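Everything below concerns the one structure shown next.
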Number of protein chains: 2
Amino acid sequence: MKGKITREYIVESADRLFYQRGYEHTSFSDIADFVQISKGNFYYHFKSKDEILAAVIQLRLENTRNMLAKWEADGERPEDRIMSFIDMLIANLADIKMYGCPVGTLCTELAKLNHASRAEANELLFLFRSWLSRQFVSLGLEAKADELAMHLLARSQGVATLAQAFQDEGYEGFIKHEVEQMHAWLSCTASAAQSAQEAGAGR
Amino acid sequence: MKGKITREYIVESADRLFYQRGYEHTSFSDIADFVQISKGNFYYHFKSKDEILAAVIQLRLENTRNMLAKWEADGERPEDRIMSFIDMLIANLADIKMYGCPVGTLCTELAKLNHASRAEANELLFLFRSWLSRQFVSLGLEAKADELAMHLLARSQGVATLAQAFQDEGYEGFIKHEVEQMHAWLSCTASAAQSAQEAGAGR
DNA sequence: GTCTATATTTGGATAGAC
DNA sequence: GTCTATCCAAATATAGAC
């Protein structure tokens, strides 16, 4: 069962390295060095670099699904659940400043490479989009749910991009400020939805 | 003076290729093939790949400065000028769907590569930021000008990222819808600034 | 200024011993 | 399952002829 462990360790390391350095800029040797195995052994576990990328994306998909399920279980109201999404920017502040959003930067890179795994990477984004969309539906905003989901997703992507580019040249507290604004936007959207529903019920 | 022309042609071609395929993923041969010169000749004009990237960034900086100056000259009110920025998303719709934002994607890539020219690429983003900031100052929003500039910049970056990732899977008219919302946000911000100023003047 | 030819290095990938 | 040794292709870069 040693193989299982090594394989997992490779995937986790590659995940981290791809995030920090980018997929193309991370070589087999980089991963092998990090995991401290020989390149030959590496190929016992993965036949190609594409294959390891596919494994990394599968791992991320799984982790993301678990995270979304947890948010779903933990958040009482839909607003609370959406808040979990927004607050990711704060929870991962340090990493985002250094390496951007792991999902967005991967999708951007694979798009330029025209890589075979591009669609799977986009599925990561889509997971967030459809999850957010469902939350907005729960808020009673069926008609605009997907629009609102895309809007919020776009804003968090934009914040991550600028946070990484400017790092500490961004005005102090840029991310926190944007997060606060997203909170405000969400409260506004949620309460508007509620009064619309009450008005509908009162008719 | 043939050299001047060739050099310029190389830089323009590299600019385009770096945008479409990414910097690291574009090889010398790719550029040489595109320009239809030999690799040997290539090195007469540029000693290294880093050097050509630097030239490409300088070209983009120059083009950006010219564009901003034109917007400045053409737009009557500050709102109109800011609108020019927002409408870039529409003007470059097709390219953005295919390749994302040329500035954002370059900054993201160079950040991961930890590339020497990273700071110069960021300067491109900074050009937009400080220009937008000045427009908000003209609107009478000195105190919040940089915040508002960063906010708008982030939103346009986010829209570009999602537009590229989802391409036609995004709901129909995603970019246009977001642009409309940015217009609305801008009108709202501008008129609030105006009434604040009038209230101040009326005191 | 432009070419062909070639050197150098790196990264992806394989063979075969242990 | 892991290693060493090696191959191959691609990419950066140089030398020298025209």
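Since the model is a prediction, treat every value here as computed from it, not as a measurement. Numbers restart at 1 for each chain; the letters A, B, ... are given by sequence-line order, proteins then strands.
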note = A:Ile37 has its side chain closest, among D:dT12, D:dC3, D:dT2, to D:dC3
request  = Check every atom of D:dG1, D:dT12, C:dT4 against the side chain of B:Ser38 and return the nucleotide holding the closest atom.
outcome  = C:dT4
Quickly work out the [X] [atom1] to [N] [atom2] distance and round it to whole Å.
X       : N      : atom1 : atom2 : result
B:Glu24 : D:dA11 : CD    : P     : 11 Å
A:Ile10 : D:dG1  : CD1   : C1'   : 11 Å
A:Asp33 : D:dC3  : CG    : P     : 12 Å
B:Tyr9  : C:dT2  : OH    : P     : 13 Å
A:Asp30 : C:dT10 : CG    : P     : 12 Å
A:Gln36 : D:dT4  : CD    : C1'   : 17 Å
B:Phe46 : D:dA13 : CZ    : P     : 13 Å
B:Glu51 : D:dT12 : CD    : P     : 14 Å

ask   = Of B:Met67, B:Arg81, B:Arg65, which meets side chain to side chain contact (heavy atoms under 4.5 Å, CB included) against B:Trp131?
value = B:Arg81
request  = For B:Phe28, answer base if it contacts any base atom (sugar-phosphate contacts may also be present), sugar-phosphate if it contacts only those atoms, and nothing otherwise; contact means non-hydrogen atoms under 4.0 Å.
outcome  = sugar-phosphate
inquiry  = Taking any heavy-atom pair under 4.0 Å as a contact, classify A:Ser27: base, sugar-phosphate, or nothing.
reply    = sugar-phosphate
request  = I would like to know whether A:Glu72 and A:Gln135 meet side chain to side chain donor-acceptor pair (under 3.5 Å); could you show each step before the answer?
outcome  = CA-CA 9 Å; A:Glu72 187 95 42; A:Gln135 307 312 318; 3.3 Å; yes
OP1 or OP2 of [N] sitting under 4.0 Å from any side-chain N/O of [X]?
X       : N      : value
B:Thr6  : C:dT2  : yes
B:His45 : C:dT2  : yes
A:Tyr43 : C:dA13 : yes

note = Rounded to the nearest 0.5 angstrom, the CG-CG distance for B:Leu186 and B:Asp80 is 9.0 Å
task = Output the distance between atom CG (A:Asp87) and atom CD1 (A:Ile82), rounded to the nearest 0.5 Å.
result =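 Rounded to the nearest 0.5 Å, the CG-CD1 separation comes out at 12.0 Å.
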query = Which sits closer to the 5' end of DNA chain C, B:Phe42 or A:Lys49, going by the nucleotide each is nearest to?
reply = B:Phe42
task = Let me know, please, whether B:Asn41 or A:Ser29 comes out on the 5' side of the other along DNA chain C by nearest nucleotide.
result =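 Residue closer to the 5' terminus by nearest nucleotide: B:Asn41.
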inquiry  = Parallel, tilted or perpendicular, judged at 30° and 60°: which one describes the rings of A:Tyr23 and A:His115?
reply    =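 A:Tyr23 and A:His115: perpendicular rings.
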